[in-house]
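Working notes, structure below.
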Protein chains: 2
Amino acid sequence: MPKLGMEPIRRAALVKATIAEIGRTGSLEVTVSQIAKRAGMSSALAHHYFGSKEQIFLAAMRHVLTVYGAEVRGALLMAEGPRARLAAVIRAGFGPANFRPEVIAAWLNFYVLARTSADAGRLLAVYQGRLRSNLLHDLRPLIGARAPDAADRIAGLIDGLYLHKGLCLRPDGGQDATRLVLHALDLELAA
Amino acid sequence: MPKLGMEPIRRAALVKATIAEIGRTGSLEVTVSQIAKRAGMSSALAHHYFGSKEQIFLAAMRHVLTVYGAEVRGALLMAEGPRARLAAVIRAGFGPANFRPEVIAAWLNFYVLARTSADAGRLLAVYQGRLRSNLLHDLRPLIGARAPDAADRIAGLIDGLYLHKGLCLRPDGGQDATRLVLHALDLELAA
DNA sequence: ATTTTTATTGATTGACTGGTCAATAAAAAA
DNA sequence: TTTTTTATTGACCAGTCAATCAATAAAAAT
């Protein structure tokens, strides 16, 4: 019954299942069999398409980063002026797509994976660099030389609140975090 | 050659070895054998004293939290006035004891463990509650009703920068983070 | 019609791991 | 001196898991 052109479908299903399984267990202690089962195929097929478990994880991480990146770009398009752009970046970080429990779990575990796997580390560095660069770009016209430190603080606050809200799975989550960071931005700009 | 009274010595050695091994591998994927070997004993003895791998991890987590708590209390003793006490809490969080690479790795992985193990979750909640309570206590006399939000931000910033500095293992680490958070505190107080 | 390519899985393997246990030895208690 | 308690380990067990592979089947190419 082999239909042709299954590869992209299978890969997407595996990526989705990987994130779901990480969310379910809350850790990277997920077996390829569990992932494959949720994706509706045998573990052998998962290995056939991805080669190894680490490659499956990396593909899932890339997917999360891609979604996040697209969300930021989309939000930036509709923002005029540095201040609005900064708010857009902040809002995107805590947007509903990134704040689903399973995506939070994935992020948290990718942080850990980044310490082990060089590929994961590079991927995470891309995210961190892009976030900081986005913030810096729009902070500079507003506060000039104080921008670099402010960018570090805002970025750190985003990551820290994401971690915090992600751990004590409150339902409000993203909204409260967004409010707190936007206020922090006001403080930076008013100084 | 069994010398009596080995239990506390062995337990301490295992806790120390656990943190070291987590630091070495950068993850919780550490075998009891590896820990026991580093602590200079057989894995059977590690099981004899701790019963299970999870109990070993929890003991290590308790140790990290105890050291951190002692450091905060010590710093608070020498601080006069709310402002100085806040600075002391911030400095303690990024103190050299908490900023050794292996301790950072332990913290990061305990965050993950907290999502799986109820005991670990409780332990982490204790830390988070204590940090927030410390901040709140000394922020209130300075900024009154704005204190709760400010405490959330400072706490989030501490966690976020700890995460960030912990990942891109820069040597300066703690000092830069301390400076950034102290500046954030100034912004909160000046608002 | 035959060959090749793609899709798919059950069975298997080889390595690893947490945990148990019997056995050993020395100190302490009786 | 005998017994009990504490310390300690090598061997072992039962289970898990990533990865491989041979086998099967259908579509595509020849």
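Chain letters run A, B, ... following the sequence lines, proteins first and then strands; every chain starts at 1.
- Here the side chains of D159(A) and Y111(A) are in contact, with some heavy-atom distance below 4.5 Å.
- In this structure, H63(A) and T18(A) have side chains that are not in contact, with every pair of non-hydrogen atoms separated by 4.5 Å or more.
- L187(B) is listed as a side-chain neighbour of R153(A), based on a closest heavy-atom distance under 4.5 Å.
- Atom CD of E102(B) has more than 12 neighbouring heavy atoms from other residues, nucleotides or ligands inside a 6.0 Å radius.
- Comparing dT9(C), dA19(D), dT9(D) against the side chain of K53(A) picks out dA19(D) as the nearest.
- S52(A) comes within 4.0 angstrom of the backbone, heavy atoms only, and of no base.
- The side chain of L45(B) approaches dT8(D) more closely than any other nucleotide in the set dT6(C), dT8(D), dA19(D).
- Atom-to-atom, CD of E54(A) to P of dA18(D) comes out at 13 Å; the value is rounded to the nearest Å.
- Side-chain atoms of A44(B) lie closest to dC21(C) of the nucleotides dC21(C), dT8(D), dA7(C).
- Going from atom CE of M41(A) over to atom P of dG10(C) covers 13 Å, rounded to whole Å.
- Contacts of residues 27-35 of chain A with DNA chain D (heavy atom under 4.0 Å): V30(A), T31(A), V32(A).
- Of the side-chain N and O atoms in R10(A), none sit less than 4.0 angstrom from OP1 or OP2 of dT6(C).
- A straight line from NE2 of H48(A) to C1' of dT5(C) spans 11 Å, rounded to a whole angstrom.
- Among the heavy atoms of the strands lying under 4.0 Å from Y49(A) are primed sugar atoms or P, OP1, OP2 only; no base atom is included.
- For L14(B) and dG18(C), the CG to C1' distance is 15 Å, given to the nearest whole Å.
- Taking atom CD on E7(A) and atom P on dT8(C), their separation rounds to 10 Å, with Å as the unit.
- Ring centroid separation for the pair F99(A) and W107(A) does not come in under the 6.0 Å cut-off.
- In this structure, the separation between CD1 on I35(A) and NZ on K53(A) is 7.0 Å, given to the nearest 0.5 Å.
- Put simply, the residue from T116(B), N109(B), L108(B) that forms a side chain to side chain contact (heavy atoms under 4.5 Å, CB included) with L28(B) is N109(B).
- If you take NZ of K37(A) and P of dA18(D), they are 15 Å apart, rounded to a whole angstrom.
- As rounded to whole Å, 11 Å separates atom C1' of dA29(D) from atom CG of L4(A).
- One can place NE2 of H47(B) at 18 Å from P of dA7(D), the figure rounded to the nearest angstrom.
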